Amino acid sequence: MIVTRRKLIGSLAAGGLLSGCDKLDNSPSFRKILFSAEDAHRFLQRSLTDRMALAREYRPDQMSPVFRTNGTNNPGTPEYQALAGTNFADWRLQVDGLVSRPMALSLAQLRSMPTRTQITRHDCVEGWSAIGKWHGVPLKLVLDLAGLRPDARYIIFHCADRIGGAAYYESLDLVDAFHPQTILAWGMNDNLLTVGHGAPLRLRVERQLGYKHAKYVMRLEAVDDLRRAGRGKGGFWEDVADYEWYAGI
Ligand SMILES: Nc1nc2c(c(=O)[nH]1)N[C@H]1C(S)=C(S)[C@@H](COP(=O)(O)O)O[C@H]1N2
Ligand SMILES: [Mo]
């Protein structure tokens, strides 16, 4: 909770600690309390502003000639193969959990929504980077359509692939979910997404490391707690290899 200066003065006065302004001004311990409350406020303000800042965007001539794939490059399940076989015509993005209007959106519906294009650098924790151009619908617009309920705190991205038997998934809090560069990308480098890069839909969350950018997204689930998903740490790599849940860059 952010303690405002007014509330702090109010509660000190109510507690009989203050009798007048000179006492307020002259008390060193009060000045110390006041100072730390303002510091905390400034700190919270600054960290929020930092998290809302935009990731750098690049010019087309700075794009990497080759953008490698990493992790799963084809989920390979019969269900996924069937969807891919008809160019994802029957694929639907499920949006459920703590939303007022659970829905299933087709690729055509997602592509008809406002599109954001951004050229950004992808940084993988394994030590490689690549600059690519991404096209997609801002996640915020999809969440607004479904109507987040007031108890929603996180968005879980359920993916079509499994690694060593465990389903790949990731999650974001609402600061990142509503960030203007957080998009559900259906296109890359002026084309539709390839299977290797996560077709038909993958997350781009440009202020975080590569493993947060869930590919093969099948379902968005709004939740109030991450502990009930997977092994409870908010993502596949967080569960199996102790990767940080917040992978800010
Ligand atoms: N579903 C799914 N999403 C995933 C992965 C994965 O294995 N499965 N790998 C992650 C990692 S570690 C990286 S670096 C990027 C790689 O994206 P790319 O294949 O488009 O380069 O996808 C991320 N998203
Ligand atoms: Mo990665």
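Quantities reported herein were computed from a predicted structural model and do not represent experimental measurements. Counting begins at 1 with the first residue of the sequence. Note that ligands are numbered from 1 as they come in the structure, with each ligand's atoms numbered from 1 the same way.
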Exercise. Aromatic rings Y243 and W237: how do their planes relate, parallel, tilted or perpendicular, breaks at 30° and 60°?
Worked result: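 Geometry flag for W237 against Y243: parallel rings.
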
Exercise. Going by atom types alone, do W245 and S171 pair a side-chain donor with an acceptor below 3.5 Å?
Worked result: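 Checked: W245/S171 side chains pair up, N/O donor to acceptor below 3.5 Å.
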
Exercise. Looking just at side-chain N and O atoms, do R204 and H122 make a donor-acceptor pair shorter than 3.5 Å?
Worked result: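 There is such a pair between these side chains.
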
For this session: Could you name each residue pair satisfying salt bridge (charged side-chain N to carboxylate O under 4.0 Å, His left out) that touches residues 239-249, not counting sequence neighbours?
Result: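 Residue pairs with at least one partner in residues 239-249: K233-D242.
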
For this session: Mind jotting down which residue pairs meet the salt bridge (charged side-chain N to carboxylate O under 4.0 Å, His left out) criterion with at least one end in residues 89-98? Sequence neighbours excluded, please.
Result: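 Salt bridge (charged side-chain N to carboxylate O under 4.0 Å, His left out) check on residues 89-98 returns D96-R219.
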
Problem set entry | Partner set under side chain to side chain contact (heavy atoms under 4.5 Å, CB included) for L141, not counting sequence neighbours |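 For L141, the residues satisfying side chain to side chain contact (heavy atoms under 4.5 Å, CB included) (neighbours in sequence not counted) are M113, P114, V137, P138.
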
Exercise. Using a 4.0 angstrom limit on heavy atoms, which residues are close to ligand 1?
Worked result: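 Protein residues near ligand 1 are F67, R68, T69, N70, G71, T72, H122, C124, W128, C159, D161, I163, Y168, G196, H197, R202, G210, Y211, H213, A214, K215, Y216.
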
